[in-house]
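Structure first, commentary second.
Below, read A as the first sequence line, B as the second, and so on, with proteins coming before strands; counting in each chain starts at 1. We use all heavy atoms of the structure for the numbers below, so side chains are in, but hydrogens, waters and symmetry mates are not.
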Amino acid sequence: MKKILYLISSFVFFLVFSSNVNANKVYSVRLNYDTFSQVLESDSRYSTIIDYINNKLRNSGYYYYIESMRGNYNECNNSNKTQAEYNNYCDLEYAQSHGGYRLRVIIINPSYYSNDNPDTRTNDIPGFYFFINGGPLITNASQSGWFTFAPVGFSFGSDTDSDDTKLIRQPYDMPNGHTTHIIEFNSVNDLSNLDSWLNNPVFDNGGANFYHEVGYSRDNLGLLDYNPFNANFTPMFIYKNFRSECKYAYWLSTRYNTYFELYKNNMTYYKGGTVHTFKIDSDPEFIMSDSSIPIDEPIINNLGDDNFQISSSQILISHSSALSTINCPLNTEFNNNFCYTNNSNYSIDSDIITGNIFLTFDFGNGNTNVPYLSDNFYLFTFRTDSSIDLDISHIFIYSGLSSNSRVPIRINKFSYGAYTDYQVLFKSPSGSTSWSVNRVAIRLNSINSSNLSSFYLGIYNKYTYKQVGTSEPSLSDLNNFYNNNSIDTTDNSSSSWFTGFHINDRGLSSIITAPFRYFRYIINSNGVCSSLTLPTYYFGNIQLPCVQAIIYSKIPDIVILYRVIMSGLICYYVIVGYYKLAMVCFNPTDSRIEVVDL
Amino acid sequence: MIGAIGNIILSFVIGILNIILIPLDLIVDSFIPSLSSAFGYVSNLIDTIISPISLYVLDTFMIPHEVIVLLFEFLIVKYTLPITVSGIRYALIWYHNLRI
């Protein structure tokens, strides 16, 4: 009897399953391992402190920044601590459980900058320097004024060699003796300390405490290199404190306009560090989110939706390797290898000799009447390869452009030579209806087309993004780009992946019912295996195809045989099990269930 | 049919557990909010695991999905049917006693 059952079940499942190997899908995988920052942001007590500090200092003329730490900073830095003590003092949750919040503001004496005005520098190119994977982006010399520049996300190398310090190239090393003052906030009650200090501001001498090491670990890169094109992108900084072994010192920033001055540090005791100092603009617009904080919800909303409506001045410019087939975007005209529009001014150029690509964003050439000079901020994203979009993204923001608003950027070919695609994303979220500036000129004819398969330049707004792709977008694509006002319509699988990622208020019950939910998920799923995509920094997206598909492609006969045997065995077990179950239920002599009494 | 029954049973059990644990969750949420958040994060992690990742893992066993479903449903029935029958039995006993 059992043999017959086995043979029948094996035969049935052979017919049903022998030829069914599921096709692969691509999913992005990202685990939310940064719960710490969520704790911070979700805790209104932190927001209270941060907002208080910003309100007090943002128009004070001081340079300052806010940082949060795990645990008590001073105690955490005490090298005499045991590991257990260290863990305690460096742990935010520990601090929280003891009524502490562990935020501090570092105020920098502005007199320092009076002696180090970037405007007056002569032996360096005024500008800012980013690097991606060791290669800096360097501006040319036409930038003047303060660097009205606020980076929100970088891609750093995972190592700590000298490349990692090249966030900003700067000839003046930060002196060790400049003055700062640090106020630590362990509770809301400490806010009065800030008031007291402001009434009698005295800076401490010789402190170098605000130096930070850009010691990004590889794990952190996954957060940094988050896809900026969907609603959940999380511009952020994660800093290690250079002194301590604290795992993280989270940069909450100020959420306001920020002047960034970043210095390459060459201090001997300072390993692989980059020094950052900040000056806060009086016109707050810039926001910076910590990691894992969906920027569209807790942060952006603080500024009001009006600040994030897409303006009418959107442009979309694409470039394919075949220059002869240039299609100018909507509302632009093609003339002499230029695409023109009446909105803003861009230019893309390349150095024939070096192959470097220049992007120039011209915002009016000193026309101070243009409102966006102080009202808008812009987000540019460089994407060097569409296949590794999560890893080589480069995001930064201009904010509060100065009167001389010509902002050229040079992309070093040497740094990007291995990649084929570039994308630039232009963000104008302020929604200013009065934003109307000079015409845009996108020079396409001098780009070394052999190194570019596509070029994409578009305006990003909070709710609209449509990735056109690496090929020349069609007119319908462009229309979709303009008309798509719902982030939900994005076809980026990674965005849908994160859509439902939320904190469950009923965590305990959710944990306990997890096995049942797992059973239910398996039962209700279609059983289609999906390839796992693991974003990595150096190797792009590593795709882990389904094992069964791989093996089936190699040894299909053996796979079929294996499945038949396994299916038969399981089926046999199930059928026999049901039979026994029925016997148990209806056997009146069975002592386990006395169903006869029914 | 069996799949539908399995779904019903699982939903019932999950619902019951949720109802039972709501007071505890509320207590934790009210008095130990950080712990509640921690539960939430763990839950998120579980939700992440109960996802296409789990299908990926199951796929490595190269067993047809239908067979796995059949096995799971059998296990559900096996471990819930006797309890269900007993429950009905006791309910009937109580009913008869109350009538008397």
Side-chain angles (χ1 to χ4, degrees), chain A residues 13 16-17 20 22 27 29 31-32 35 39 42 93 96-97 501-514 516-530 532 544 546-548 551 559 562-563 566-567 570-571 573-574 577-578 581 584-585 592-595 597-598, chain B residues 3 6-7 10-11 13-14 17-22 24-25 28-29 33-56 58-78 81-82 85-86 88-89 92-93:
Chain A
F13 282 100
V16 173
F17 306 119
N20 179 25
N22 298 315
Y27 285 91
V29 178
L31 297 179
N32 188 0
T35 58
V39 173
S42 61
E93 286 73 15
Q96 285 185 313
S97 64
F501 204 84
H502 61 279
I503 296 175
N504 189 345
D505 292 335
R506 300 281 174 261
L508 184 58
S509 58
S510 177
I511 294 171
I512 292 177
T513 59
F516 303 104
R517 289 188 286 117
Y518 172 71
F519 279 172
R520 189 167 61 179
Y521 174 80
I522 295 298
I523 291 174
N524 294 326
S525 69
N526 57 7
V528 177
C529 174
S530 302
L532 299 183
L544 300 177
C546 295
V547 176
Q548 187 171 182
I551 298 179
V559 170
Y562 168 82
R563 296 171 71 180
M566 292 303 297
S567 300
I570 293 175
C571 183
Y573 169 76
V574 169
Y578 274 123
L581 197 59
V584 166
C585 290
R592 284 176 290 182
I593 304 294
E594 297 177 354
V595 293
D597 292 342
L598 294 174
Chain B
N7 258 326
L10 286 176
S11 299
V13 173
I14 292 173
L17 285 175
N18 281 332
I19 293 173
I20 294 172
L21 293 172
I22 275 178
L24 184 57
D25 278 328
V28 172
D29 194 34
S34 57
L35 181 61
S36 179
S37 298
F39 285 152
Y41 300 138
V42 175
S43 176
N44 281 343
L45 178 63
I46 293 173
D47 286 341
T48 305
I49 295 172
I50 304 175
S51 65
I53 296 177
S54 62
L55 291 177
Y56 183 92
L58 278 179
D59 184 76
T60 60
F61 294 100
M62 294 191 296
I63 298 173
H65 176 70
E66 289 77 2
V67 178
I68 294 175
V69 170
L70 188 68
L71 178 63
F72 281 7
E73 289 172 346
F74 166 69
L75 294 176
I76 292 169
V77 172
K78 178 181 179 182
L81 184 62
V85 171
S86 297
I88 295 172
R89 173 174 175 266
L92 290 174
I93 292 173

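Distance check: A/Ile511 CD1 to B/Leu17 CG gives 13.0 Å after rounding to the nearest 0.5 Å. To the nearest 0.5 Å, the span separating OH on A/Tyr521 from CG on B/Leu55 amounts to 4.0 Å. The line from CD1 of A/Ile523 to CD1 of B/Ile76 is 3.5 Å long, rounded to the nearest 0.5 Å. The CD1 atom of A/Ile512 sits 9.5 Å away from the CD1 atom of B/Ile20 when rounded to the nearest 0.5 Å.
The heavy-atom pair separating B/Leu10 from A/Arg520 by the smallest distance is CD1-N, 3.6 Å. The two residues A/Ile570 and B/Leu71 come nearest to each other via the heavy atoms CG2-CB, 3.9 Å. In this structure, A/Arg517 and B/Ile14 approach most closely via the heavy-atom pair CG-CD1, 3.7 Å.
The aromatic rings of A/Phe519 and B/Phe72 sit tilted, their planes meeting at an angle between 30° and 60°.
B/Met62 places a side-chain heavy atom less than 4.5 Å from the side chain of A/Ile551.
When heavy atoms are compared at a cutoff of 4.5 Å, A/Tyr562 approaches chain B solely by way of its side chain, counted from C-beta outward. B/Ile93 does not touch chain A: none of its heavy atoms, backbone or side chain, sits under 4.5 Å away. For a residue to count as touching a neighbouring chain, one of its non-hydrogen atoms must lie under 4.5 Å from one of that chain's; by this rule B/Leu35 does not touch chain A.
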